[in-house]
Number of protein chains: 2
Amino acid sequence: MKDEKKRGRPRGFDASAAIGKAREVFWDRGFSAASLDNLSAATSLNRPSLYNAFGDKEDLYLDALEGYRADSMVALEDALDPSLPVRENLARMYDRALATYLHGDTAARGCLLISTATVEAVRHERVREVLGRSLADFDRAIEDRLALAIERGQLPEKTDPKALAQLASTIMHSLAVRARAGETREALEALARSGVDLICGAP
Amino acid sequence: MKDEKKRGRPRGFDASAAIGKAREVFWDRGFSAASLDNLSAATSLNRPSLYNAFGDKEDLYLDALEGYRADSMVALEDALDPSLPVRENLARMYDRALATYLHGDTAARGCLLISTATVEAVRHERVREVLGRSLADFDRAIEDRLALAIERGQLPEKTDPKALAQLASTIMHSLAVRARAGETREALEALARSGVDLICGAP
DNA sequence: AGACATTTGTACTGTTTCGCATAAAAATAT
DNA sequence: ATATTTTTATGCGAAACAGTACAAATGTCT
């Protein structure tokens, strides 16, 4: 933590709070449909402050994605607490995802990465990189937990943890898409439950 | 087929071919980042012709989505040919999806619906409706095939066809997202294979 | 206090955007 | 032929857009 006071006029706002506000805008509108006026209004910062602090719109979007990725990773690691049974781990993982995905003013917003970064990934290489890395990280976190479960004999010896983890992620991706497509909470919860059953075996 | 000659100057272009060209633009750029100039250039139609024939940008996008949905449904029904074993049905379904998803100039384009409509679904109710209906149709087509397999004793009696079909769709959704995120063909094919194994039981 | 460095607000620039107005072009109907 | 109807092409226009110049404001350093 570098707390050395810098010379010059100090910043009148909290940068990470501003990124948080920007995240909300991007989450609702996506990257392309989010204008700097929208971002400026949401953050209560005028454009030069945004440019000075974060760079251009794509830089700010990448910052928002990165913050979201980090938050999601913390939440995921927490849901996958190894002192709980794997079955409960997965249920918690989907529960938390749904709580996030279903939030929204008019319609559910899904996942910032899956639901807004995907469309930009073709033409914005840096977005594609963040998205790919994030998905790989999520896969990996689940894989590690499953590998531990196999080691502990809580899952069949022969299961391939990597493949099974990717399949578990797959359900999260679909929940994000389906939430944004307007499916009901009940339908999504049912899908999550049957996913847990398929992965861990019926209860 | 109404072939009665209409009065007035006849159209100098094929409307469905134009929608096909527009589909490519939307597929690469998404709805918001696709400009009328892009669409005009790709279709070789000037703006008034586009407006006259299809309405505004959102109308054209909805037409493109609808055409894609219909094409995808035909391909899906074909992949699910009931005279083939279910296991092969699913493998074909994922194979064809991947062939489509991996196409693209610089990066893979994924699925027009999943990868570009999702982001617009929050703010454009009609897009959300098309997306939701399309996902439900795909789920249903798979469910029907699985129900038939259960009836024929090719899947365990106790399996819930609806839940299993949603899980099968789930893998398609993830393939679309992951393709666009830059995952390799090999990785995606491996995921599809382990999905088939999980749903139909190991070979 | 005065030099310096950084942030902030206003206002601007040049471009891109969507959608349309207008008139010419190309067909049929009478 | 003339009128009618629809499609094309040019090009307009008003708004939204991303990004920046400039000067005032607000802090630290010497």
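A quick note: this is a predicted structure, and the numbers were derived from the prediction, not measured. Chain naming here is simple, since letters A, B, ... match the order of the sequence lines and numbering starts at 1 in each.
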* **Close aromatic pair by centroid cut-off 6.0 Å: B:Phe31 and B:His124** =>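 Yes, the ring of B:Phe31 comes within the 6.0 Å limit of the ring of B:His124, centre to centre.
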Whole-Å gap separating [atom2] ([N]) and [atom1] ([X]):
X	N	atom1	atom2	result
A:Leu50	C:dG9	CG	P	11 Å
B:Asn38	C:dC18	CG	P	8 Å
B:Asp37	C:dC18	CG	P	7 Å
A:Leu36	D:dC17	CG	P	9 Å
A:Arg47	C:dT8	CZ	P	16 Å
A:Arg7	D:dA25	CZ	C1'	17 Å
B:Asn46	D:dT7	CG	C1'	10 Å
B:Tyr51	C:dG19	OH	C1'	4 Å

* Asked: Start at the 5' end of DNA chain D and walk down; is the nucleotide closest to A:Asp56 or to A:Gly8 reached first?
  ->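 The answer here is A:Asp56.
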* **Polar side chain donor-acceptor pair, A:Ser35 to A:Asp37, under 3.5 angstrom** =>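 No, no side-chain donor-acceptor pair sits under 3.5 Å.
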* State whether a side-chain donor-acceptor pair under 3.5 Å links B:Asn52 with B:Ser49. =>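 No, no side-chain donor-acceptor pair sits under 3.5 Å.
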* To do: Might you confirm whether atom CD of A:Gln154 has over 12 heavy atoms from other residues, nucleotides or ligands at distances under 6.0 Å?
  =>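 Yes, enclosed.
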* To do: Step through the shown structure and confirm whether more than 12 heavy atoms of other residues, nucleotides or ligands are within 6.0 Å of CZ on A:Arg123.
  =>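 Atom CZ in A:Arg123 is not packed in, count stays at 12 or less.
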* Asked: Which nucleotide in the set D:dT7, D:dT8, C:dT17 lies at the smallest distance from any side-chain heavy atom of B:Asn52?
  ->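 Nearest to the side chain of B:Asn52 among the choices is D:dT7.
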* Asked: Nearest to the side chain of B:Lys57 - C:dG19, D:dT8, D:dT20?
  ->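 Out of C:dG19, D:dT8, D:dT20, the nucleotide with an atom closest to B:Lys57's side chain is C:dG19.
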* OP1, OP2 of D:dA16 versus side-chain N and O of A:Ser35: anything below 4.0 Å? ->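 Checking A:Ser35 against D:dA16: no side-chain N or O falls below 4.0 Å of OP1 or OP2.
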* To do: Name the nucleic acid region contacted by B:Ala34, choosing base, sugar-phosphate or nothing; use a 4.0 angstrom heavy-atom cut-off, strictly under.
  =>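 Contact class for B:Ala34: sugar-phosphate only.
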* Asked: Which part of the nucleic acid, if any, lies within reach of B:Pro48 when heavy atoms closer than 4.0 Å are counted: base, sugar-phosphate only, or nothing?
  ->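 Counting heavy atoms under 4.0 Å across all strands, the contact made by B:Pro48 includes a base.
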* Name the residue closer to the 5' end of DNA chain C, choosing between B:Pro10 and B:Ser32 according to the nucleotide with the nearest heavy atom. =>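 Looking at the nearest nucleotide for each, B:Ser32 comes out on the 5' side.
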